[in-house]
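Input: a single structure, listed below in structure tokens.
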Protein chains: 2
Amino acid sequence: MSGGPREGRALFQEVKRLATTRRPTLKDVAQAAGVSTTTASVVLTNRREGVRVPDATRHRVQQAAEDLGYRPNILARSLRTQTTRTIGFVSDEVTTTPFAVGMLAAAQDEAARHGYLLFVVNLGPNAPLALQEQAIDQLAQHQVGHFIYGCMYHRVVDPPAGLPADAVFLNCEASGGRHRSIVPDERQGAYEVVKELIEAGHRRIAFLDDHRHPPASRLRFNGFRAALAEHGLEYEPALHLETTPFVRGGLVLSDLIDLPDERRPSAVFCYNDRIAMGAYRAARARGLRVPEDLSIVGFDDQEFIASELDPPLTTVRLPHREMGRLAIQLVLDEPGALDDVPESEDGVIRIAGELVRRDSVAEPRGAWGQRTPSS
Amino acid sequence: MSGGPREGRALFQEVKRLATTRRPTLKDVAQAAGVSTTTASVVLTNRREGVRVPDATRHRVQQAAEDLGYRPNILARSLRTQTTRTIGFVSDEVTTTPFAVGMLAAAQDEAARHGYLLFVVNLGPNAPLALQEQAIDQLAQHQVGHFIYGCMYHRVVDPPAGLPADAVFLNCEASGGRHRSIVPDERQGAYEVVKELIEAGHRRIAFLDDHRHPPASRLRFNGFRAALAEHGLEYEPALHLETTPFVRGGLVLSDLIDLPDERRPSAVFCYNDRIAMGAYRAARARGLRVPEDLSIVGFDDQEFIASELDPPLTTVRLPHREMGRLAIQLVLDEPGALDDVPESEDGVIRIAGELVRRDSVAEPRGAWGQRTPSS
DNA sequence: GGGGCCTGAAGAAACGTTTCACCAGACTAT
DNA sequence: ATAGTCTGGTGAAACGTTTCTTCAGGCCCC
């Protein structure tokens with residue numbers, strides 16, 4: 001029980017470990033400390049309830065563990081406890097594309113905060129259901145207990161079989177309504193950014209839309225109309241153009257610029273920032289200055305685009321980081337995770353985006369003459 | 001040995017499984033098939049050498065496994081075999097930022113091809129060494145056998161302790177020279193894109209540099225000078241401007257445009273695409289057209305920037321996908337992985353980028369008059 | 001007709017934990 | 001003095017695999 005021989009023994013063990021290059025196990029620690037593995041386990045996992053280990057013994061075990069450089073084998077622990085602290089993050093192409101990369105980063109941060117590790121599997125665009133299920137099966141064989149299914153952009157997906165009921169869909173809505181989903185509040189974002197235009201005095205506002213991407217496009221349209229309606233403005237189908245969600249898609253703005261003065265819009269709401277980038281180009285090609293001659297707003301607050309346009313673009317920031325963090329909190333059943341978000345009726349949790357005011361909005365030319373009495 | 005009772009038994013097991021919601025184990029399969037777990041294991045892992053199991057038995061076991069919906073428990077297997085098919089991908093902020101996202105995607109693809117799963121941990125920018133080592137320790141506790149350390153941009157890093165000797169550094173160079181590193185061949189890329197300018201007839205080429213980012217900046221500079229030298233052109237310090245690697249950094253081009261005619265550059269090589277974006281803006285502000293009045297080239301082929309500028313930018317594509325794939329192949333010791341890449345002297349593997357020709361390069365004005373006899 | 005070999009398979013240990021059940025001894029209360 | 005309680009532990013099973021060793025029985029060969 002004296003320190004001398006024990007130290008000698010620990011040293012011997014250490015030498016032996018280095019010689020055999022075997023990582024020390026709990027048994028080694030127990031032996032070095034002169035206790036049973038039971039005691040060593042109890043001490044090193046810091047269990048207190050129902051077990052009595054005097055401080056002297058505790059310290060002896062801890063010292064031995066440190067001396068030997070003991071690291072627990074999580075595999076063995078997980079096998080025994082039948083739980084793993086891992087989360088499977090499967091996605092279409094979140095990690096492939098720079099769009100929603102903040103979701104993964106925030107999820108990783110939050111997982112680390114809880115001591116969890118993330119298995120990330122990126123299936124690529126349009127992976128067949130069978131491939132998706134195979135990936136989930138592989139994760140299940142690794143005994144991962146929690147699943148997040150992330151999408152690059154907001155859409156509806158068919159949940160692959162094998163996904164447990166408490167899986168969380170991130171940036172997409174699971175069809176069937178049996179799973180929780182976290183998506184941006186598209187409607188609210190569109191409402192706010194369009195309201196920003198209206199409050200600047202605009203009355204004729206175009207919408208460069210991409211209706212091939214429901215539900216985002218439908219919801220942004222709803223927000224657009226809601227803002228219009230709330231301010232007594234009429235929705236004008238002629239100003240609602242369908243286009244593609246790329247820079248070149250914004251070039252269709254030319255058609256609207258060609259309109260006669262009284263029918264021409266003084267502001268444009270673009271489905272996303274890339275379309276807005278194209279709209280800038282179209283405006284400039286016609287000699288229109290942004291925002292003096294034409295106000296333009298976008299959606300997404302896409303990195304390297306929105307803030308780098310000239311002038312910087314007023315847009316709506318997608319709450320990707322908040323969404324990623326919440327997804328982890330939900331799968332881990334963190335209490336209070338939903339305190340900050342509004343109640344959802346349909347199991348779909350909508351996170352508000354944030355209006356980012358930059359320099360692409362100004363009063364319309366002749367605004368003072370156009371102002372309604374109420375403003 | 002007849003089918004009848006065995007089928008009944010399998011059915012019973014199935015019912016029991018559903019009732020207890022316990023995942024069937026190898027023992028369940030063995031019992032259902034009327035063999036030992038040894039035999040079941042041999043059959044289901046498809047081992048052939050040294051073991052003899054007649055086809056009839058094989059089929060019986062396989063059938064039982066399928067009937068029960070047996071999935072092996074990888075944790076138990078890994079514990080026994082002392083190997084896991086997992087790779088730890090730790091990075092500063094690869095997953096946080098859209099720069100090098102292709103590396104992770106390609107790594108994931110290649111890992112999946114080998115049946116490996118990726119633990120991804122994103123430490124954030126400038127994580128203290130202690131935090132890095134803690135993350136590596138956590139992965140080691142999960143018994144991950146292979147490590148990749150990825151960086152957002154090409155730089156030199158101090159390898160955190162705990163990383164095994166066969167870890168691969170991706171998009172960064174490990175100081176100390178004890179590890180393998182994979183980086184883009186900056187010199188070659190710069191050489192090629194500058195040569196493109198020279199071959200278009202340019203003789204006065206500016207370099208908008210960012211020397212705060214060695215080694216990339218130094219190597220691109222080397223490539224720049226090599227191209228110059230090879231074509232008998234003199235390096236002119238006055239045309240080498242130091243700036244920041246952002247869009248606004250490109251605005252320093254104004255200073256060069258102000259130069260008197262005979263000293264003004266007819267082309268600009270930008271350290272990266274964002275600087276090029278700023279250079280476009282500066283040129284346009286002075287009424288210069290790209291490429292008619294000024295040729296501009298960049299570096300990176302950054303998504304949503306290079307291809308979306310007006311005109312689209314000639315640049316060098318960073319081989320992120322190739323690098324990510326190779327990293328996996330190296331840690332997995334795939335034979336022939338290095339066949340396609342040139343031998344490296346210093347343990348640093350340099351992967352060639354690809355010149356992407358777009359529309360930002362033209363002959364200089366008055367080029368015919370300036371041409372040297374040789375061209 | 002007996003030793004050797006081949007076939008087909010099983011028993012049990014091992015991987016590194018956690019945890020259930022139990023226990024020796026000392027002390028306490030009656 | 002004895003029964004009960006508390007302290008400080010320990011032994012061994014269990015988690016689900018893989019794999020080493022062993023073995024029964026049948027056949028072949030001489």
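Naming: A, B, ... by sequence-line order, numbering from 1 per chain.
Using a 4.0 Å heavy-atom cutoff across all strands shown, A:Arg71 reaches sugar-phosphate atoms only and no base atom.
Of all heavy-atom pairs spanning A:Pro24 and A:Leu68, the tightest one is CG-O, 3.3 Å. Considering all non-hydrogen atoms of both residues, B:Ile87 and B:Leu332 come closest at CD1-CD2, 4.1 Å. Here the closest non-hydrogen pair linking B:Leu118 and B:Ala107 is CD2-C, 4.2 Å.
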Name the pairs: protein N/O against N/O of nucleotides 7-13 of chain C, kept only if under 3.5 Å.
| from | atom 1 | to | atom 2 | distance (Å) |
| --- | --- | --- | --- | --- |
| C:dG8 | N7 | B:Arg52 | NE | 3.2 |
| C:dG8 | N7 | B:Arg52 | NH2 | 2.6 |
| C:dG8 | O6 | B:Arg52 | NH2 | 3.1 |
| C:dA9 | OP1 | B:Thr57 | OG1 | 3.2 |
| C:dA9 | OP2 | B:Thr57 | OG1 | 3.1 |
| C:dA10 | OP2 | B:Ser36 | N | 2.8 |
| C:dA10 | OP2 | B:Ser36 | OG | 2.8 |
| C:dA10 | OP2 | B:Thr39 | OG1 | 2.9 |
| C:dG11 | N7 | B:Thr38 | OG1 | 3.4 |
| C:dG11 | O6 | B:Thr38 | OG1 | 2.8 |
| C:dA12 | N6 | B:Thr38 | OG1 | 3.3 |

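The bend of the helix from C:dG1-D:dC30 to C:dT30-D:dA1, defined by the angle between the axes of its first five and last five pairs, stands at 60° to the nearest 10°.
Annotation: A:Glu66, atom CD; neighbour count of heavy atoms from other residues, nucleotides and ligands within 6.0 Å does not exceed 12. A 6.0 Å sphere centred on CG of B:Asp158 holds no more than 12 heavy atoms belonging to other residues, nucleotides or ligands.
Looking only at atom types and distance, the side chain of A:Thr45 has no donor-acceptor partner in the side chain of A:Arg77 under 3.5 Å away.
Taking the six-membered ring where the residue is Trp, B:His142 and B:Phe119 present perpendicular rings, their angle passing 60° and hence far from 30°.
Ranked by how close their nearest DNA chain C nucleotide is to the 5' end, B:Ala76 and A:Ser41 are led by B:Ala76.
A nucleotide of DNA chain D counts as in contact with chain A when one of its atoms lies under 4.0 Å from a heavy atom; the first and last such, 5' to 3', are D:dT7 to D:dG16.
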